[in-house]
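What follows is one structure encoded as structure tokens, with my remarks underneath.
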Amino acid sequence: MKKVLSIVVLSFVINSFAQVGINTINPRASLDVQGGVTIRGNIRTSGTDTNKGQTGRMSNLLVSRGAGNSPEWRSLRLPIVKSGRYYMLFANSYSDRVGIRPTTLTGTTPVTYDMTLPTSWSVISNLTQTFSVINPVNRVFVLFEAVAQINSSAQYHGVDFTCGVFIDDKLVGARTVDLYQATTAGNSVFRTFTILATTDQPLSVSNSHVIKIACTRRSNYGGFTGNLGIGIPESATTANINDFMSQSSLRVEVFETPTSTLNVVN
């Protein structure tokens, strides 16, 4: 009897490390089922020799974690969306203290929507950012704000400049600003200005749209030839503001109408 019992136990240990196939004589995994499976009890994951593993909660999904890792239970969270409405799917804010000091005069020709970014304009490089659009029905809203400064003690010295919001190097919004010294009482005059822009037409579905802020110095007047600082003091020696006070800010918001099929990202 001892011999028979030993043989049975030994046979069980050896088979416990073998691959098991159901409806196949060549199993490709520890358990290979060729056919349908009916489960009348729990499915447990991440078990060990001392822990039976997790069964998950009601409405959980079993999600793969890639090769070599056991799956795990995850909650499925989908937003409640109504057909035809816009929802904010992307929003981010950026700031810059480097700024620009444009010197080239480009003239007073008006700018137009969708014009290509001219090479003569100065770009605030730290505000150049990439964003994604995942639905074909969309609108992008952009808010840009900065401080501009000149330095002159002569009355009516000033400068005329334009800043624009460009998406994929196409203009979607612009503001033209006159900055001048009204009296002879002071110098280093500065002004805060804001651009609120929105796209007129939907952007293409892409994860590589690029937004840029660029400015141009259109003209001087009153004999002014000094520095113009945008998002930065007009010079490093300016006493009445600093780079913290003059820094530029950018806010980008993407509103989209989700399609009927949503990608679920955990």
Side-chain angles (χ1 to χ4, degrees), residues 88 90-106 111 115-132 140-154 157-182 185-199 203 207-221 224-254:
M88 184 190 294
F90 173 85
N92 212 340
S93 298
Y94 314 93
S95 63
D96 170 73
R97 297 188 187 185
V98 177
I100 53 176
R101 294 190 180 105
T103 57
T104 301
L105 300 181
T106 58
V111 299
M115 65 174 274
T116 301
L117 173 61
T119 56
S120 58
W121 287 42
S122 300
V123 176
I124 302 178
S125 58
N126 287 340
L127 296 184
T128 298
Q129 301 292 334
T130 302
F131 65 93
S132 300
V140 180
F141 291 84
V142 181
L143 177 65
F144 169 73
E145 186 174 83
V147 172
Q149 184 182 43
I150 61 173
N151 184 8
S152 177
S153 58
H157 270 198
V159 64
D160 172 0
F161 69 92
T162 295
C163 287
V165 177
F166 293 83
I167 296 179
D168 300 331
D169 288 337
K170 297 294 184 178
L171 184 66
V172 299
R175 286 291 180 271
T176 297
V177 180
D178 283 329
L179 182 61
Y180 66 94
Q181 179 64 46
N187 54 23
S188 299
V189 61
F190 58 88
R191 177 177 174 182
T192 301
F193 68 98
T194 302
I195 302 175
L196 179 60
T198 181
T199 51
L203 298 180
N207 60 1
S208 57
H209 288 294
V210 178
I211 188 167
K212 297 178 182 178
I213 303 297
C215 304
T216 181
R217 185 168 179 163
R218 289 162 35 108
S219 64
N220 301 324
Y221 53 89
F224 178 70
T225 59
N227 288 341
L228 165 65
I230 300 175
I232 190 175
E234 59 85 23
S235 73
T237 59
T238 299
N240 57 346
I241 62 173
N242 55 27
D243 62 350
F244 173 75
M245 299 168 66
S246 62
Q247 66 181 301
S248 53
S249 301
L250 176 66
R251 174 75 175 178
V252 182
E253 298 177 351
V254 180

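Note that the structure is a prediction, hence the values are computed from the model and not measured.
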Apply side chain to side chain contact (heavy atoms under 4.5 Å, CB included) to Thr162 and list each qualifying residue two or more places apart in sequence or on a separate chain.
Trp121, Ala174, Thr176, Thr216, Arg218
Closest heavy-atom contact between Ala197 and Gly173?
CB-CA, 3.7 Å
Under the 3.5 angstrom rule, does the side chain of Arg191 hit a backbone N or O of Asp178 as a donor-acceptor pair?
yes
Specify the closest pair of heavy atoms between His157 and Ser152, including all atoms of both residues, with the distance to one decimal.
ND1-OG, 2.8 Å
Can you tell me how far apart CD1 (Ile150) and OG (Ser188) are? Round to the nearest 0.5 Å.
9.0 Å
Derivation of the side-chain contact (heavy atoms from CB on, under 4.5 Å) call for Gln247 and Asp96:
CA-CA 6 Å; Gln247 66 181 301; Asp96 170 73; over 6 Å; no
Kindly compute the distance separating CG (Asp169) from CE (Met115), expressed to the nearest 0.5 Å.
11.0 Å
Side chains of Ile230 and Pro102, heavy atoms from C-beta outward: is any pair under 4.5 Å?
yes
Just by modelled atom types, is the Cys163 backbone N or O under 3.5 Å from a matching donor or acceptor in the Arg175 side chain?
no
For Asn220 and Val159, indicate whether the former's side chain and the latter's backbone hold a donor-acceptor pair under 3.5 Å.
no
What are the two closest non-hydrogen atoms of Ile167 and Phe131, and how far apart are they?
CG2-CZ, 4.1 Å
Can you label the angle between the Phe161 ring and the Phe193 ring as parallel, tilted or perpendicular, going by 30° and 60°?
perpendicular
Just by modelled atom types, is the Glu234 backbone N or O under 3.5 Å from a matching donor or acceptor in the Asn227 side chain?
yes
Partner residues of Thr103 under the side-chain hydrogen bond (donor to acceptor under 3.5 Å, both in side chains) criterion, sequence neighbours left out:
none
Nearest heavy-atom pair of Arg101 and Gly229: which atoms, and what distance?
CG-CA, 4.1 Å
Is there a side-chain contact (heavy atoms from CB on, under 4.5 Å) between Gln149 and Ile241? Walk through the geometry before answering.
CA-CA 9 Å; Gln149 184 182 43; Ile241 62 173; 3.6 Å; yes
Between Ala91 and Glu253, what is the shortest heavy-atom contact and its length?
CB-CG, 4.1 Å
Distance, nearest 0.5 Å, that separates CD1 of Ile100 from CG of Leu228
7.5 Å
The reported gap from CD1 in Ile195 to CG in Leu250 (rounded to nearest 0.5 angstrom) is 10.0 Å
So, for Ser120 and Thr106, which heavy atoms are closest and what is the spacing to 0.1 Å?
OG-CG2, 3.6 Å
Just wondering, do Lys170 and Thr116 contact through their side chains at under 4.5 Å, heavy atoms?
yes
Tell me if a side-chain donor or acceptor on Thr198 pairs with a main-chain N or O of Val140 at a distance below 3.5 Å.
yes
Atom CG in Asp168, atom OG in Ser208: separation rounded to 0.5 Å?
7.5 Å
Nearest-0.5 Å distance that lies between atom CD in Gln129 and atom CD1 in Ile211:
9.0 Å
Counting only heavy atoms not in Tyr180, do more than 12 sit closer than 6.0 Å to its OH atom?
no
Evaluation steps, side-chain contact (heavy atoms from CB on, under 4.5 Å), between Gln181 and Val189:
CA-CA 6 Å; Gln181 179 64 46; Val189 61; 3.7 Å; yes
Begin from the C-alpha positions of Val165 and Ile213 and carry the test side-chain contact (heavy atoms from CB on, under 4.5 Å) through to its verdict.
CA-CA 5 Å; Val165 177; Ile213 303 297; 3.7 Å; yes
Non-hydrogen side-chain atoms of Phe144 and Ile124 separated by less than 4.5 Å
yes
